[in-house]
Asks: 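After the structure tokens below, expect a handful of questions from me.
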Number of protein chains: 2
Amino acid sequence: MSTASKQIIKNLSVDCVVFGFEKNSLEVLLIKRKGNPEKGSWALPGGFVLKTEALDEAAVRILEETSNVKNIYLEQVHTFSDINRFPLRRVISVAYFALINPEKHFLKPGIDTTDAKWFEVNGDIAFPFDHESIFAKALNQLRQRVRNKPIGFELLPERFSLTQLQNLYECILGESLDKRNFRKRILGLKMLIPLNDFEKDVAHRAARLYKFDFKTYQVLKNKGFNFQL
Amino acid sequence: MSTASKQIIKNLSVDCVVFGFEKNSLEVLLIKRKGNPEKGSWALPGGFVLKTEALDEAAVRILEETSNVKNIYLEQVHTFSDINRFPLRRVISVAYFALINPEKHFLKPGIDTTDAKWFEVNGDIAFPFDHESIFAKALNQLRQRVRNKPIGFELLPERFSLTQLQNLYECILGESLDKRNFRKRILGLKMLIPLNDFEKDVAHRAARLYKFDFKTYQVLKNKGFNFQL
DNA sequence: TCAAAAGTGTTTGCAATACACCCATGC
DNA sequence: GCATGGGTGTATTGCAAACACTTTTGA
């Protein structure tokens with residue numbers, strides 16, 4: 001079933017900046033466009049809003065349709081409205097940003113896409129349309145977010161080491177952090193539960209694994225915190 | 001000239017939450033609606049976007065048209081898209097928030113409005129449509145803003161006392177602050193220039209007046225700061 | 001002389017920073 | 001036994017918080 005038959009709003013789209021963390025690298029999900037304009041180029045997953053849905057719903061649907069990504073945290077970022085941002089006609093686009101753990105999502109191309117793939121955030125990405133600005137704004141928002149809300153639950157495997165968490169923070173912020181201070185502050189938040197499990201098959205002392213205390217995590221997410229990492 | 005003749009986008013509007021500070025009270029600008037729906041009720045100034053303008057431009061134009069407010073700081077807040085937020089048809093609305101000094105703006109009703117007036121933010125306001133949510137989101141954003149960016153330049157007269165500035169902060173945050181600590185921190189930012197002028201005709205010791213060092217103010221606005229007021 | 005707000009410093013505690021060595025493991 | 005990353009504690013510093021009295025002015 002094509003989106004067209006579902007009554008789209010022709011001048012309103014949603015674009016999603018989906019961040020994932022894998023192999024110590026922060027990545028962004030792009031899809032290869034099946035149709036014109038910009039056919040064949042790698043773009044942010046996006047699509048038109050239906051007459052029957054709110055923007056949040058559209059974002060969820062579009063991510064599922066274009067790349068098979070489901071059940072994730074989404075947050076509205078900004079609305080882009082340059083007159084010529086889309087070449088065929090005037091379309092304004094609402095940007096969303098999302099965090100997921102790539103390992104939990106098997107990408108597959110969907111409607112309007114021939115492929116879906118992760119790209120390194122720090123690599124050189126040639127975005128079509130105004131997706132460069134959209135991406136930049138979303139990345140910026142992610143960097144703000146990490147300093148006053150807990151983050152990681154959405155991006156890491158269920159059990160992880162403190163070093164993994166620190167790597168995640170370092171990737172997002174683009175700076176390196178002091179190990180001892182990082183641990184002190186993170187553990188001080190009491191949002192991690194230490195497990196009696198350790199890394200396996202590593203050529204060095206095995207790191208203890210932790211999981212998120214989901215309840216505390218949610219509380220912190222609501223009330224936020226305020227420290228320098 | 002009516003907006004209709006300028007080719008509006010019928011499903012896309014902008015609503016503005018304009019904050020002003022006067023007589024130690026934080027206020028929001030509302031306009032009285034001339035037409036249906038919600039004729040006669042006090043609403044956020046808003047209007048439809050033209051096919052020929054970006055959202056930021058629309059916000060500027062709409063504020064000027066509805067209430068004669070010009071030349072102000074505007075910032076996009078959020079896009080509201082509930083299917084039934086507007087009763088006549090599906091309209092999504094992009095909210096902006098703005099800060100102005102009421103004394104510098106002579107309100108007068110414009111297109112689609114029969115009146116324009118300031119309302120106390122802390123009073124009971126009966127908003128039409130989903131303007132309650134829009135207002136709440138904007139106020140929330142203002143409260144965030146005040147903690148990590150300088151604010152006040154847009155809301156205060158050119159020359160003002162430290163007490164006025166403190167009152168402004170207290171109004172926005174809805175809590176009272178310690179005078180000595182407030183002064184230490186504000187002066188520490190080096191964004192104020194002390195003048196050799198003082199309050200006049202007050203029945204107590206006259207307060208020194210300050211003005212903003214616009215350059216430092218702008219620098220701080222870009223790089224932000226991070227302290228608890 | 002009283003009322004009302006302006007103006008001013010110090011102490012205390014906490015949280016951020018900087019920093020270096022021993023531990024466990026696989027090869 | 002060596003290379004690799006895991007794990008740990010302390011001293012210092014700077015900033016936030018709490019707090020009360022004197023000064024100026026007009027009525």
Asks: Counting only non-hydrogen atoms, which of residues 174-190 of chain A are less than 4.0 Å from DNA chain D?
Replies: A/Lys179, A/Arg180, A/Arg183, A/Lys184
Asks: Taking atom C1' of D/dG5 as reference, at what distance in whole Å does atom CG of A/Leu209 sit?
Replies: 14 Å
Asks: What orientation do A/Phe153 and A/Phe212 show, parallel under 30°, tilted 30 to 60°, or perpendicular over 60°?
Replies: perpendicular
Asks: May I have the distance from B/Gln166 (atom CD) to C/dA6 (atom P), rounded to whole angstrom?
Replies: 9 Å
Asks: For residues 191-205 of chain A, which side-chain donor-acceptor pairs fall under 3.5 Å, sequence neighbours excluded?
Replies:
{"residue": "A/Asp197", "atom": "OD2", "partner": "A/Arg159", "partner atom": "NH1", "Å": "2.5"}
{"residue": "A/Glu199", "atom": "OE1", "partner": "A/Ala207", "partner atom": "N", "Å": "3.0"}

Asks: Can you list, pair by pair, the side-chain donor-acceptor contacts under 3.5 Å of residues 17-33 of chain B, counting residues two or more places apart and other chains?
Replies:
{"residue": "B/Asn24", "atom": "OD1", "partner": "B/Asn167", "partner atom": "ND2", "Å": "3.2"}
{"residue": "B/Ser25", "atom": "OG", "partner": "B/Glu27", "partner atom": "OE2", "Å": "3.3"}
{"residue": "B/Arg33", "atom": "NE", "partner": "B/Pro37", "partner atom": "O", "Å": "2.8"}
{"residue": "B/Arg33", "atom": "NH2", "partner": "B/Pro37", "partner atom": "O", "Å": "3.0"}

Asks: Just the rounded figure in Å: distance from C1' of D/dG5 to CD of A/Gln164.
Replies: 13 Å
Asks: Please state how far atom CZ in A/Arg208 lies from atom P in D/dG7, giving the value in whole angstrom units.
Replies: 8 Å
Asks: Knowing that exactly one of A/Glu64, A/Glu57, A/Glu65 qualifies, which makes a salt bridge (Lys or Arg N to Asp or Glu O under 4.0 Å) with A/Arg61?
Replies: A/Glu65
Asks: Give the ring-plane orientation class for A/Phe80 versus A/His78, where under 30° counts as parallel, over 60° as perpendicular and anything between as tilted.
Replies: perpendicular
Asks: Roughly how far, to the nearest 0.5 Å, is CG of A/Leu44 from SG of A/Cys16?
Replies: 8.5 Å
Asks: Taking only N and O in the side chain of B/Thr163, is any of them less than 4.0 Å away from OP1 or OP2 of C/dA5?
Replies: no
Asks: So which pairs with a foot in residues 126-140 of chain A pass side chain to side chain donor-acceptor pair (under 3.5 Å), sequence neighbours left out?
Replies: A/Arg85-A/Asp130
Asks: Under the rule for salt bridge (Lys or Arg N to Asp or Glu O under 4.0 Å), what residues qualify as partners of A/Glu154, not counting sequence neighbours?
Replies: A/Lys221
Asks: What integer distance in Å separates B/Phe225:CZ from D/dC15:P?
Replies: 15 Å
Asks: Are there any protein N/O atoms within less than 3.5 Å of an N/O atom in nucleotides 25-27 of chain D, and if so, which ones and at what distance?
Replies:
{"residue": "D/dT25", "atom": "O2", "partner": "B/Ala203", "partner atom": "O", "Å": "3.4"}

